[in-house]
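A quick write-up on the structure given underneath.
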Amino acid sequence: METFGTRLYRAISERGPLCVGIDPHPGLLARWGLADDLDGLDRFTRTVVDALGDRVAVVKPQSAFFERFGSRGVAILESTIRQLREAGSLVLLDVKRGDIGSTVSAYASAYLDPSSPLYVDAVTASPYLGVGSLAPMFDLAAQHGGGVFVLALTSNPEGAAVQRARTADGRTVAQTVIDEISQLNRGADPLGSFGLVVGATIGDTGHDLSGVGGPLLAPGLGAQGAGAADLRTVFGSSLPAVLPSYSREVLSAGPDGTALRAAADRVLAECRAVLAAR
């Protein structure tokens with residue numbers, strides 16, 4: 001069984017360093033001329049999958065925009081995951097789950113157990129009940145070749161109050177998260193399976209990412225204000241591990257499939273230019 005880190009490394013090598021989100025929020029559906037209903041959701045996601053599923057390394061559906069339609073929305077999410085897998089993309093489900101005990105074990109089973117209809121390659125997770133509380137996710141991911149991306153330094157301005165708070169040993173909360181994920185990846189080659197989420201809009205982080213050993217997901221590019229060039233400032237010497245993530249910047253080019261592919265190709269070229277200069 002290959003690890004998620006190995007599969008991600010190969011996907012990036014073959015398709016390029018790009019993650020594209022599927023975020024079917026009401027405003028974007030309207031921009032595409034679609035109704036904010038199940039049919040609009042289904043048409044939107046199918047169009048994105050058809051346009052990008054066979055060319056983008058990682059696709060990141062945002063679970064909340066499917067969940068808001070209830071069980072039938074989740075059914076469309078399940079179908080989207082299957083379609084992306086068939087097209088060859090790795091699927092990173094943006095769920096930001098976090099809990100303790102049997103509950104986090106249930107979340108792990110929902111997304112990281114191959115027997116689940118929501119089984120994906122990797123998920124996002126929140127560490128604010130303690131990184132150790134996510135152990136069932138890490139364990140099941142390791143067992144089945146999956147990955148977990150843990151929030152560390154996020155793009156939203158509210159996050160700093162928690163993430164940059166100091167712990168008893170003087171480190172920030174974010175640095176403790178970074179250090180614990182680094183331990184999980186120790187010895188992994190060519191890339192660890194446990195990553196961090198670090199926003200591309202935050203500038204010089206003042207944090208040490210050099211020993212993470214796993215992928216660094218960089219949201220906040222495009223419509224949220226950051227450009228590919230900002231990756232140098234945020235990540236510095238850790239650029240080789242960065243997975244740039246775009247959503248609206250690419251999705252706004254729809255619903256024409258050719259335009260979606262052109263938008264993805266454009267941002268990928270911008271990212272390649274920055275990452276090649278590392």
Side-chain angles (χ1 to χ4, degrees), residues 5 8 12 17-19 21 58 60 92 94 96-98 122-134 137-138 147-188 190-247 249 267 270-278:
L8 177 60
I12 291 173
L18 180 63
C19 171
V58 182
K60 179 172 67 67
L92 167 58
D94 197 354
K96 299 184 178 72
R97 300 293 193 242
V123 294
T124 56
S126 174
Y128 296 112
L129 281 80
V131 175
S133 70
L134 299 173
M137 283 191 180
F138 301 143
V148 181
F149 287 80
V150 179
L151 303 179
L153 291 159
T154 56
S155 296
N156 64 304
E158 302 88 350
V162 174
Q163 296 159 12
R164 294 180 182 270
R166 296 282 173 178
T167 65
D169 64 8
R171 291 179 298 168
T172 65
V173 171
Q175 190 66 56
T176 66
V177 173
I178 293 165
D179 293 346
E180 291 195 48
I181 296 304
S182 300
Q183 289 297 315
L184 291 176
N185 287 322
R186 178 175 289 182
L191 189 66
S193 297
F194 304 108
L196 295 168
V197 180
V198 178
T201 61
I202 62 175
D204 186 351
T205 69
H207 288 69
D208 182 7
L209 296 164
S210 62
V212 174
L216 301 171
L217 182 71
L221 291 158
Q224 288 180 260
D230 293 310
L231 297 173
R232 294 193 190 98
T233 302
V234 176
F235 295 99
S237 63
S238 298
L239 274 178
V242 172
L243 177 62
S245 180
Y246 288 81
S247 293
E249 182 78 4
V267 298
E270 293 171 0
C271 291
R272 282 188 190 277
V274 170
L275 298 178
R278 56 199 175 207

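- Pairing each heavy atom of A174 with each of A152, the nearest pair is CB-O, 3.5 Å.
- Side-chain atoms of Q224 do not come within 3.5 Å of backbone N or O of P219 as any donor-acceptor pair.
- Minimum interatomic distance between A161 and A165 (heavy atoms only, all atoms of both residues): O-CB, 3.6 Å.
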- Message: Apply side-chain contact (heavy atoms from CB on, under 4.5 Å) to residues Y246 and E270 and explain how you reach the verdict.
- Response: CA-CA 12 Å; Y246 288 81; E270 293 171 0; 4.2 Å; yes
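- Looking at heavy atoms from C-beta onward, L134 lies in side-chain contact with P127 at the 4.5 angstrom threshold.
- In this structure, L153 and R164 have side chains that are in contact, with non-hydrogen atoms separated by less than 4.5 Å.
- The salt bridge (charged side-chain N to carboxylate O under 4.0 Å, His left out) pairs that include a residue from residues 190-210 number zero, where partners must be two or more places apart or lie in different chains.
- Here the shortest heavy-atom pairing between P17 and C271 reads O-CB, 4.2 Å.
- Side-chain atoms of V131 and T176, non-hydrogen and from C-beta on, never get closer than 4.5 Å to each other.
- The one candidate from V150, T154, T124, V197 that meets the side-chain contact (heavy atoms from CB on, under 4.5 Å) condition with K96 is T124.
- A distance of 8.0 Å separates OG of S245 from CG of L18, quoted to the nearest 0.5 Å.
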- Go through the steps for I181 and F138 under the test side-chain contact (heavy atoms from CB on, under 4.5 Å), then give the verdict. CA-CA 10 Å; I181 296 304; F138 301 143; 3.9 Å; yes
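- When every heavy atom of S155 is checked against every heavy atom of G220, the shortest pair comes out as OG-CA, 4.0 Å.
- Residues L209 and L196 have side chains in contact (heavy-atom distance under 4.5 Å, counting atoms from C-beta outward).
- F235 CZ to I202 CD1: the interatomic distance, rounded to the nearest 0.5 Å, is 7.0 Å.
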- Message: The test is side-chain contact (heavy atoms from CB on, under 4.5 Å); show your working for L217 and L92 and say whether it passes.
- Response: CA-CA 10 Å; L217 182 71; L92 167 58; 3.8 Å; yes
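- Each of L216, L231, V198 was evaluated against S238; a single residue qualifies, L216, per the side-chain contact (heavy atoms from CB on, under 4.5 Å) test.
- Counted by atom type alone, Q183 and D179 present zero donor-acceptor pairs between their side chains at under 3.5 Å.
- Partners of S193 under the side-chain hydrogen bond (donor to acceptor under 3.5 Å, both in side chains) rule, at least two apart in sequence or in another chain, do not exist in this structure.
- Residue G21 comes nearest to S247 through the heavy atom pair CA-OG, 3.4 Å, listed as atom of the first residue, atom of the second, then distance.
- Looking at every heavy atom in both residues, V242 comes nearest to A218 through CG1-CB, 4.0 Å.
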- Query: Would Q163 and T172 count as a side-chain contact (heavy atoms from CB on, under 4.5 Å) if you check the C-alpha gap in whole Å, the side-chain angles of each, and the deciding distance to 0.1 Å?
  - Reply: CA-CA 7 Å; Q163 296 159 12; T172 65; over 6 Å; no
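- Between P215 and I12 the shortest side-chain heavy-atom distance does not fall below 4.5 Å.
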